[in-house]
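Beneath this line is the structure, given in structure tokens, with notes to follow.
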2 protein chains.
Amino acid sequence: MTTRKSVSKRPTLSAQDEYRADVAAYVAAGGDELVQRVITAVHGLAHKLDQWYARQLADLDLSAGEWAVLSRLARSNEDEALTPSQLAEATSVAPSSMTHRLDRMAERDLIARATDPDNRTRVLITLTDEGWATFKAAVRESDMVESDVLGPLSSRQRENLASLLEVLIAGLDEAPQV
Amino acid sequence: MTTRKSVSKRPTLSAQDEYRADVAAYVAAGGDELVQRVITAVHGLAHKLDQWYARQLADLDLSAGEWAVLSRLARSNEDEALTPSQLAEATSVAPSSMTHRLDRMAERDLIARATDPDNRTRVLITLTDEGWATFKAAVRESDMVESDVLGPLSSRQRENLASLLEVLIAGLDEAPQV
DNA sequence: ATCGAATACTTCGACTTCGAAATAATAGCA
DNA sequence: TGCTATTATTTCGAAGTCGAAGTATTCGAT
């Protein structure tokens, strides 16, 4: 009985093993080790979180793109209304795609369209009560997952991590066009 | 001269301002502040990096998805060949999408398809020399951008940041199905 | 006041992705 | 060996996204 090439073995690497293999490959190809550890970890985390969000948003019948619109509107509904173009820019999508996305969201009464009285070329988008409720529900659900992810860190470590990341965020504005 | 409703003002918020506004909105909606600071920063960084990658990859005529395939193959070409399904899983895409993606990549001689001699149901994908060269070129380009992003941190801080993130990565395997 | 350029959104055609059904080959069991 | 269940990939139709062209409104110069 020879073992006949164990091709069917596929143990599904753990997130940690995936991470290590990725870093190794990037370093082997000429990347700096410390840089690759940080960047690969950031991507791995973001990606994993995105997968979880997608599952939770599906419960609320929202796509990631729709969530992005809700989220962007939620953080500036009172003071300033946003136009479709601004939403497209903010959520990294083409203006034409935003038109359709807003169509669907208006159909479901999550947002409302109104032409700007001061400039009738413009359309102003606002969150409806329904939209607000959906936003808050999503945040509360997500916060639970996110708290779990940060579970292994103490309060002090979280503070430390947040500070380091915020330094990088601040630095993003330095050299905008790379 | 009245100021007549400054609607046309759109100063394009800095990455830092965007970050702060997002955190504020999530906290207002019921999220934990420290958690939201970390998570929002991770997402913001990943998103910004993705934008830069997209620009660089465009130079090499690669989509983000094609890069994902190249990258996954590059880190395990010697020991194990991968099937389309495994690549689909690894890059978070439907198997049917992978079929088309591999079609295009094979057309450009970045990858090669070969039926597994041990199980003719399977197709094994490998990187061609051209594929390898493209992978390495992309890594070297990306590493420059990434180094810039980490510029504001000292070596010691980078090490600290990497360690904290790696704790979180390790924790992802604990509670897989949320 | 009016013409032309600029701005903002939408419509259109092409392409990518998805999920489900179809196709092909293997593995296990009688 | 022959039959059935399983595994793996591809094909197909529906939906989302993109860039470009189209439409409507405003702004500025004459």
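Reminder, nothing fancy here: chain letters follow the sequence lines and each chain counts from 1.
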Can you check nucleotides 23-28 of chain D for protein contacts, nitrogen or oxygen pairs under 3.5 Å, and list what you find?
residue : atom : partner : partner atom : Å
D/dT26  : OP1  : A/R120  : N            : 3.2

Taking [X] first and then [Y], would you say they form a salt bridge - that is, a charged N and a carboxylate O separated by under 4.0 Å?
{"X": "A/R75", "Y": "B/E18", "result": "yes"}
{"X": "B/D103", "Y": "B/R113", "result": "yes"}
{"X": "A/E166", "Y": "B/R20", "result": "no"}

Per the atom types in the model, does the base of D/dG19 pair as donor or acceptor with the side chain of A/S96 at under 3.5 Å?
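When only heavy-atom distances are counted, A/S96 does reach the base of D/dG19 through a donor-acceptor pair under 3.5 Å.
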Between A/H43 and B/Y53, what is the ring plane arrangement, given parallel below 30°, perpendicular above 60°, and tilted in between?
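A/H43 vs B/Y53 ring planes: tilted.
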Distance in angstrom units between [X] [atom1] and [N] [atom2], rounded:
{"X": "A/D103", "N": "C/dT11", "atom1": "CG", "atom2": "P", "answer": "7 Å"}
{"X": "B/E89", "N": "C/dG19", "atom1": "CD", "atom2": "P", "answer": "13 Å"}
{"X": "A/E107", "N": "D/dG16", "atom1": "CD", "atom2": "P", "answer": "12 Å"}
{"X": "B/Q86", "N": "D/dT7", "atom1": "CD", "atom2": "P", "answer": "14 Å"}
{"X": "A/D61", "N": "D/dG16", "atom1": "CG", "atom2": "P", "answer": "12 Å"}
{"X": "B/E66", "N": "C/dC15", "atom1": "CD", "atom2": "P", "answer": "15 Å"}
{"X": "A/L82", "N": "C/dA8", "atom1": "CG", "atom2": "P", "answer": "13 Å"}

So what does B/T83 touch, heavy atoms closer than 4.0 Å: a base, only the sugar-phosphate, or nothing?
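Sugar-phosphate only.
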[X] side chain near [N] phosphate (N/O to OP1/OP2, under 4.0 Å):
{"X": "B/R113", "N": "D/dT10", "value": "yes"}
{"X": "B/S97", "N": "C/dT17", "value": "no"}
{"X": "A/R104", "N": "D/dT17", "value": "yes"}
{"X": "B/R101", "N": "C/dT17", "value": "yes"}

Should A/L87 and A/L102 count as side-chain neighbours, where that means a heavy-atom distance under 4.5 Å?
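Yes. Closest side-chain heavy atoms under 4.5 Å.
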Taking C-beta and beyond as the side chain, do B/D61 and B/R108 meet within less than 4.5 Å on heavy atoms?
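Contact flag for B/D61/B/R108 side chains = yes.
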Among B/L110, B/T134, B/L73, find the residue that satisfies the side chain to side chain contact (heavy atoms under 4.5 Å, CB included) test when tested with B/L127.
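With B/L127 as partner, side chain to side chain contact (heavy atoms under 4.5 Å, CB included) holds for just one option, B/L73.
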More 5' along DNA chain D: B/P84 or A/M98, using each one's nearest nucleotide?
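Checking each residue's closest nucleotide, the 5'-ward one belongs to B/P84.
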Start at the 5' end of DNA chain C and walk down; is the nucleotide closest to A/V123 or to A/H100 reached first?
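Mapping each residue to its closest nucleotide by heavy atoms, the 5'-most match is A/V123.
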